[in-house]
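Okay, so here's the structure we're looking at.
Below, chain A is the first sequence line, B the second, and so on; all start at residue 1.
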Amino acid sequence: MADGDDLAELAKRRGFFFGSVDAYGGVAGFQTYGPHGASLKDNVETAWRDRFTVREGNHEIEAPTVMPEAVFDASGHTDDFDDMLVRCGACQTPHRADHLIEDETDIAEAESMPTAEAESLIAEAEIVCPECEASLAGEPVESFNLMFETEIGPGSGQAGFLRPETAQGIFVEFPRLKQYARNSLPFGVTQIGPGYRNEISPRGGLERLREFTMAELEQFVHPEDDGPSLEPVADVTLPLYPAPAQADPDGDVRELTVADAVSEGVLTSSWIAYYLGVARRWYERVGVDVDRFRFRQHNPGELAHYASDCWDAEALIGASVDADRANPEDGYWVEIAGFAYRGDYDLSKHAKHSERRYTVFREYEEPQTVERVTVDPDMSVLGPEFGGDAGAVRDALETLAERNPDAFDDEEVTVEIETDGAPADGDASDADGDSDTDAAEGGNDSDAGDDSSVETVTVDTEVANFTVEEVTESGEHVVPHVIEPSFGVDRTVLTLVDHAYREDVVDEESRTYLELDPEVAPTTAAVFPLVSNDDRLVALAGEVAQTLREHGLSVTEDESGSIGRRYRRQDEVGTPFCVTVDRDGIESEGAETVTLRERDTAAQVRLPVADVAAELTALIDADSQTTFADLTERYEVVETGTRTGVAETDTPEP
RNA sequence: GCGCUGGUAGUGUAGUGGUAUCACGCGACCUUGCCAUGGUCGCAACCCGGGUUCAAAUCCCGGCCGGCGCACCA
């Protein structure tokens, strides 16, 4: 039922969310949450924290939103967000200039070249538009950066960026965070906060923002970790849309339990499987319609640079549904979360760029005895003999010792070094076996050798100080792998409002209401005097409202207009309960009573004033399982004659 | 970013080269009825800048914002 326009109108009129800075013409990609929206969003974040931080025993941190350039150089965002565009003057199609140059010339890496150089290369190579074959020579190459750049400190302060994801704030602090987790895997770190992307063309209100809120969990695990016990979520049914099914015209979403999805191999990571199960339940808890929800696997070509597998949670929004919330029509799918297997990509990158240790020490079950070869060259001999090349000789000896220990059996040992006087290429540190994507860089060794020569040098084996020793290793340093469930909070809020949007009929009058879950609804209860010309009712309503607020409940008061109008106002913003003070409640024998009305059914019960706070608290508690129906068992049901229902003439949306 | 299209009270709208219609809404008072649309009174708008014109909210140009399509969404 949620027509996009109706929803946007409601959100604007009733203060959920709206475009920011209207007074100055507005600014695309930014939305302001009004009072109801901010409350709803905060409740969503609280529910997320409860589930993904507290109940998982994870650790929440809060990192800065501004980070120095080095962080994003390491994470790969500086490169990936700084793209060169050239626009065809004839057909206006924009192209990645660096990709064109890589395709049309023998330059393998054009991404980091200056735009001026790219422009002249395009002209020299006579590159044409792939669309219409018009010449691109002379067209300006513009770089655009999806990260917001800023300067840290005055003057020539260091370059900084507003973070495009919260994750790096966790990754960079890993060496410390692992201490807090007592150096043992697995552990998870969460963060909720804003991220920034200078989108080229933000559109669709909350759907695509330049500043948006993410709730992210980085689950650090041992690379050979068997995964968590799936027992808690084994029976949860997942609507899975695997990559092969998307490519198949007959492919469709499969409803599989977590256990079956793993045993059938649809889900290959049990950590992903576990969190899909947890997420599926959480979404249902906060009010996502499970009939308009699925997990879609990324196609191989769609994966981000850091991910080896990724499943998105997607919600169908803008769809019209029938009275039973079934058979959604039209609408479109939006990504509301991603569950990525990031491997050791991020930690390895930070380890390399920062030269800190991004590892966890893991003890073997049994200490292992291994032979270790070492060379500890006598630099007091090598130094005088080789001068500036002494360091290169030492490095060459170390490399040789690892590759061919037998070479040290003779009295002399021979190695080859490059003698260009320049410091040895720092690539020696690459020998730690990590497999970065630096294959392309490695290819330039031959170019660099122009003014250097390879020289063979001979060293006394004794000077090399070669030893083979048996050492006992009690464990190893491993770079953890990361499983990242990353939630878009704004899109979740949008989905909740969209899925909660209802139209039905009360006493032959149509009404619009939001069937928000009581746990996340902006206002838990509204308190009314039935009529406002009776001071006793007004006074008691005020007292009840104050009492409820002191119990931590979000409460609004309203004595303006007819009781029916006030109920509708609350229905429209999704307030699940209304408390009404009437004369029957204060004039009859015994304790004062009030009526409690439930939003969706408009049914009422009468209960003592003293019970209201406790009952409402139970109703919004996700764990208590208390529902309004339970109250109808325990309290007197008020017969009002009012009935809700869906309009019989359910005309489809135009 | 390109193309098309739009921008009038809080919201949705009508309309015009001479400052504006209606509805809902909101407020006050009357009414006190358990499910919005009883009564009276009131509040509140032509996106911004430039041009044409005696006069521009209206016509023209540019900008900003929205919608749709394309592109983009590591």
| field | Pair assignment for B:A74, Watson-Crick or G-U wobble, requiring both distances under 3.5 Å | value | none

| message | Taking only side-chain N and O atoms of A:Arg14, does any of them lie within less than 4.0 angstrom of OP1 or OP2 on B:C26? | response | no

| Under 4.0 angstrom, heavy atoms only, what part of the nucleic acid is A:Ile563 near: base, sugar-phosphate, or nothing? | sugar-phosphate

| query | Ring centres of A:Phe30 and A:Phe18 under 6.0 Å apart? | reply | no

| request: Tell which nucleotide pairs with B:C24, taking only Watson-Crick or G-U wobble pairs whose two distances are both under 3.5 angstrom. | output: B:G10

| field | Pairwise P distance for B:A44 and B:U21, with rounding to whole Å | value | 13 Å

| said: What's the gap between B:G15 and B:C72 when it is taken at their P atoms, as a whole Å value? | reply: 40 Å

| remark: pair_partner(B:A56), Watson-Crick or wobble, both distances < 3.5 Å, evaluates to none

| message | Counting only side-chain nitrogens and oxygens, does A:Arg197 get under 4.0 Å of the OP1 or OP2 atom of B:C72? | response | no

| said: Between B:G6 and B:A14, how far apart are the two P atoms, rounded to whole Å? | reply: 13 Å

| field | Distance, C1' atom - from B:C73 to B:G1, rounded to whole angstrom | value | 14 Å

| Mind checking the P distance from B:C48 to B:C64? Whole angstroms is fine. | 16 Å

| First encountered from the 5' end of RNA chain B, between A:Val27 and A:Glu199 | A:Val27

| Which part of the nucleic acid, if any, lies within reach of A:Ser510 when heavy atoms closer than 4.0 Å are counted: base, sugar-phosphate only, or nothing? | base

| Options B:C35, B:C34, B:G27, nucleotide nearest the side-chain atoms of A:Arg569 | B:G27

| Nearest-Å distance once atom P is located in both B:G50 and B:G12 | 28 Å

| message | Distance criterion of 3.5 Å, no angle test: do you see the side chain of A:Arg208 paired donor-to-acceptor with the base of B:C72? | response | yes

| message | What's A:Ala602 touching, base or sugar-phosphate or nothing? Going by heavy atoms closer than 4.0 Å. | response | base

| message | On the nucleotide B:G12, are OP1 or OP2 found under 4.0 Å from the side-chain N or O atoms that A:Lys12 carries? | response | yes

| field | Polar side-chain atom of A:Arg491 near backbone of A:Ile336 as donor-acceptor pair, under 3.5 Å | value | no

| note | Re B:C68: Watson-Crick or G-U wobble partner, both distances kept under 3.5 Å, found to be B:G3

| said: Taking the six-membered ring of A:Trp333 as reference, does the cationic atom of A:Arg296 (NZ for Lys, CZ for Arg) lie under 6.0 Å from its centre and within 45° of its axis? | reply: no

| request: Determine which nucleotide pairs with B:G62, using a 3.5 Å limit on both distances of a Watson-Crick or G-U wobble pair. | output: B:C48

| On a whole-Å scale, what distance lies between the C1' atoms belonging to B:G66 and B:C60? | 22 Å

| field | Nearest-Å distance for atom pair CD/P, residues A:Glu639 and B:C34 | value | 14 Å

| Gap in Å between the two P atoms, one belonging to B:U53 and one to B:G42, rounded | 42 Å

| For A:Arg565 and B:G25, is the shortest distance between a side-chain N/O and OP1 or OP2 below 4.0 Å? | yes

| Distance-only donor-acceptor test (3.5 Å): side chain A:Ser562, base B:U32 | no

| said: Under 4.0 Å, counting only non-hydrogen atoms across every strand here, what does A:Ser560 touch: a base, just sugar-phosphate, or nothing? | reply: sugar-phosphate

| remark: Scanning all shown strands, the Watson-Crick or wobble mate of B:A36 with both distances under 3.5 Å is none

| message | Let me confirm one number: the CZ-CG distance from A:Arg583 to A:Leu540, rounded to the nearest 0.5 Å. | response | 13.0 Å

| request: Output yes when a side-chain donor or acceptor of A:Ser39 lies under 3.5 Å from a complementary backbone atom of A:His36, and no otherwise. | output: no

| query | Which whole-number value in Å describes the distance from A:Glu207 CD to B:C68 P? | reply | 9 Å

| Atom-pair distance (CD on A:Glu314; P on B:C73), nearest Å | 17 Å

| query | Do A:Arg203 side-chain and B:G69 base share a donor-acceptor contact under 3.5 Å? | reply | yes

| said: Once hydrogens and angles are ignored, does a donor-acceptor distance under 3.5 Å link the base of B:C64 to the side chain of A:Tyr24? | reply: no

| message | Let's test your reading of the model: under 3.5 Å, does the base of B:C34 pair with the side chain of A:Asp582 as donor and acceptor? | response | yes

| message | Quick check on B:U11: is either OP1 or OP2 less than 4.0 Å from any side-chain nitrogen or oxygen of A:Arg13? | response | no

| Residue whose nearest RNA chain B nucleotide is more 5′ - A:Gln31 or A:Arg583 | A:Arg583

| B:C34 base to A:Arg597 side chain: any donor-acceptor pair below 3.5 Å? | no

| request: Check whether more than 12 heavy atoms from other residues, nucleotides or ligands sit under 6.0 Å from atom CD of A:Glu508, and answer yes or no. | output: no

| said: Taking the minimum atom-to-atom distance to the side chain of A:Gln604, which one of B:A71, B:G27, B:C34 wins? | reply: B:C34

| said: When you measure from the centre of the six-membered ring of A:Tyr513, is the NZ or CZ of A:Arg599 closer than 6.0 Å and no more than 45° off the axis? | reply: no

| query | Any side-chain N or O of A:Thr642 less than 4.0 Å from the OP1 or OP2 oxygen of B:C35? | reply | yes

| query | Can you tell me how far C1' of B:A36 sits from CZ of A:Phe528, to the nearest Å? | reply | 12 Å

| query | For the pair made of CD in A:Glu559 and C1' in B:C35, what is the distance, rounded to whole Å? | reply | 18 Å

| query | Within this structure, what is the CG-to-C1' distance between A:Asp346 and B:A74, rounded to whole angstrom? | reply | 13 Å

| query | Do NZ/NE/NH1/NH2 and the carboxylate oxygens of A:Glu165 and A:Arg342 come within less than 4.0 Å? | reply | yes

| When the distance from CZ of A:Arg511 to P of B:C34 is rounded to whole Å, what number comes out? | 18 Å

| request: Establish, yes or no, whether the cationic atom of A:Arg566 lies under 6.0 Å from the six-membered ring centre of A:Phe528 and within 45° of the ring axis. | output: yes

| message | Within the 4.0 Å heavy-atom criterion, would you say A:Arg599 contacts the bases, only the backbone, or no part of the nucleic acid? | response | nothing

| How would you label the contact of A:Gly561 with the nucleic acid (heavy atoms, under 4.0 Å): base, sugar-phosphate, or nothing? | nothing

| said: Output the rounded distance in Å from CD (A:Glu636) to C1' (B:C34). | reply: 14 Å

